[in-house]
Participant: 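Below are the structure tokens for one structure; questions will follow.
To find a chain, count down the sequence lines: A is the first, B the second, and so on, and within it residues start at 1.
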Amino acid sequence: MQGKSQIQNVFKKTLNISTSPHLVRGIGTNDIMRNVVWALLPTALYAVYAFGLSALLLLVTSTVACVLTEHFLAKKSKQPSTISDWSAVITGLLLGLTLPPNFPLWMAFLGGIVSIALGKFVFGGLGYNVFNPALVGRAFLQAAFPVAITTWFPVFSPDRFSSVSVATSTLPLMEPATDGFTGATPLSAFKFDHISTDTYDLAMGFITGSTGETCAVLIILGGIYLAVRKMLNWHIPVSILATVYVLTALLHFSNPEKYPTPEFMLFSGGLMLGAVFMATDMVGSPITTAGVWIYGALIGALVVVIRLWGGLPEGVMYAILLGNAVSPHLDNLIRPRVYGTGNRGEKVRG
Amino acid sequence: MSEAQKNTTEATNSRKMLVTMVGIGTICALLIVLSFQTTLPRIEKLKAEALEKAIFKVIPGMVSKKTFQLEGDKLKEVTGKVKDAKLVYAGFDKDGKLVGLAIEASGMGFADAIKVIYGYDPHKEKIVGFYVLESKETPGLGDKIEKDASFLANFDSLDVALSEDKNSVKNPVTTVKHGKKKNGYEVDGITGATISSRAVGNLLKNSTGETLPQLYKNKDFFEAKSQQ
Amino acid sequence: MSIQTTNKANEGFWDKLASSPSTDEYMKGLFRENPVFVQVLGMCSTLAVSNTALNGLAMGLATTFVLLMSNILIASLRNVIPKQVRIASYLLIIATFVTMTDYAIQAISVELSKALGAFIALIVVNCQILGRAEAFASKNTVWRSILDALGMGTGFIIALLCLGTVRELLGNGSIFGIPVFPDSFQEWVIMILPPGGFFMLAIWLMVFNAMKQRKAV
């Protein structure tokens, strides 16, 4: 055994060939998932720094809810527990990061349950989910509690580490009290009052918004880390962001009065977080390269359409969910043709 | 079976089918006409009552009502229901004096068209009442335009005074963010129902901008009606 | 399925009633062949009009009325209607009673007809009614068709109430318009919107199937 591996090493160094057995330590699901958690941590930590205790409690609650639901449902359906593969932790973290920092904890907990139960287990668990589970949970919360999910909390409020927002500690099933200082996000400020926000503030996260949507730079860094480790398909965020940039640029130059700058669109709202961490969900995105580019372009175009002409100020969530819905069809449409078969994979008579 | 016989059975079959269908059709038609005739008066009455109630709701202090049809800039009195006409309902107090006009308006909301009726006091030049006739806004959110007390309070007294030349409203109605109302012509919006509350502001702006100058031209007409 | 009673004096009567085929004809629609939870028919009205308990009840009653009247007429005409035009005839009959119901509801209350809106007219295409006409009334006596219609109608009402009460409770904090939670209750808006109907239906189907499985084991 010893000798064999020595020979192997020699060959590898010189010719990069090897004899059997061709064993490589594979990258398992939990390796990828763990690394995604590492990549998300800076964003989460910044969120806690920017929004204080409320954000910390929110992230912990949504993560705990997801992990508990995963454990319970795995037990109920008599499958081996899958909490050790970190995927529930990611879902919980992502869900928390898409919610406003002062979101009531009981609602976040409910969102976590819905994410895992409805977004994942109904379809058969990890690997079978059609949609990004965290976004399913968020879509449910958006439809169920539209006021709470659009009530924002100021960034860097001075007492953020000593006290918790009134809304955060709302009793279960009760309506959150609205505290006097609810701010508008840059996107809603633009949509309803036509106020644009400085790009530098947007990129660095000096703005109000969902817990993890504020600091674009940290999200991009997390994405680069994953892309370098080949745990993230960089085509997806690049195609989404490029589409948004190009479309908005065209609109902005046609009518600068009415449409925002492309930089504003790129760095505001949940676009960065969605493009880097949610649209890239391995189960919900297409497999083929061409499919991935179409998928990304579709999501980008939908974001622009919903943000600029839709009723809501933000549309990343719905854009990604719709993208998830079409991605299996994209794969079907552009399935590479196998030699000797027709376009649809049927045998061709030769 | 011979060819001739087969033809006869087919013919009888078709006749039987025809007779049954016509028979059932006749019974059904009779039943429908019967139920339509019996329920029609009550349905009309209920609909008229609902509208009447809305009119009385938006013009405080009125005891009697007259209906006018607005054709271009001309008004004429009508009785009963007139199809596809722009109607203005005038409310009079017990001394027969004009206290207000009820005007129907509609505009696009978040889900579908919103149809409202509002009361206009020509003496104070203000909107004095507001009621949503039809809306499909999101329950629990957009439908606050029907229920939210602080939003409805906007329309107890909303400034829609005409400009100097009497051709437009001086300060068109606008919806502002909740708690940011400063002027008499601003509508205090609803938090979380921005789109619906803005839609209401917009449809009032459009309706008042168009109708109020027309009504002003008929000022004397109403004065005359008041004396009667 | 049997009717339980504590009234000893009437036991003979109740036993007889419980074991009579007529009772079974009625009872089968309630749970064993429940139109919504077992046959999964009439989804349009089930999902659309079960946002409050009262709407569900009104829709259930309207459907039961149409079901009853059309079953009676179809069963009594079952030997007259030629096979080739039966579906057209059934639809004609059903549509007639739906129109009559629509007028009746408009005459009863503006509010109610506003709430039920287009869905009353859509009872016409409620496949449950055509299904009962085709599968039952066209082959059975008038009396049995009446029992069948009443049973299926009651089953439909039960299903709509199951959905309606939970949706109203979570979406509005009330049952039959009577508030049950304190004022500060947070309504789950999604529950009175169409998606809430799908979620609730799925959950009730799950409950029903779980009960059936337990029984089978």
Participant: With side chains defined as the heavy atoms from C-beta onward, is the minimum distance between C/Pro182 and A/Met174 less than 4.5 Å?
Facilitator: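 Yes. Closest side-chain heavy atoms under 4.5 Å.
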
Participant: In terms of the angle between their ring planes, are C/Trp188 and A/Phe145 parallel, tilted or perpendicular, with boundaries placed at 30° and 60°?
Facilitator: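 Perpendicular, since the angle between the ring planes exceeds 60°.
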
Participant: Is C/Phe176 atom CZ crowded by more than 12 heavy atoms from other residues, nucleotides or ligands, each under 6.0 Å away?
Facilitator: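 Yes.
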
Participant: Looking at chain C, which one of A/Thr170, A/Leu110, A/Val122 has the largest number of heavy-atom pairs inside 4.5 Å, strictly under?
Facilitator: A/Leu110

Participant: Does any backbone or side-chain atom of A/Leu171 lie under 4.5 Å from a heavy atom of chain C? Answer side chain, backbone, both or neither.
Facilitator: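 Neither; nothing under 4.5 Å.
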
Participant: With only heavy atoms counted, which part of A/Leu141 is less than 4.5 Å from chain C, the side chain, the backbone, both or neither?
Facilitator: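 Answer is neither: A/Leu141 stays 4.5 Å or more from chain C.
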
Participant: So for atom CZ, which belongs to A/Phe72, do other residues, nucleotides or ligands contribute more than 12 heavy atoms lying within a distance under 6.0 Å?
Facilitator: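 No, CZ of A/Phe72 has 12 or fewer neighbouring heavy atoms, counting only those of other groups under 6.0 Å.
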
Participant: State, to 0.1 Å, how close C/Leu193 and A/Ala143 come at their nearest heavy-atom pair, and which atoms those are.
Facilitator: CD1-O, 4.4 Å

Participant: I need the A/Met107 CE to C/Gln186 CD distance, nearest 0.5 Å.
Facilitator: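 Reported value, rounded in 0.5 Å steps: 4.0 Å.
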
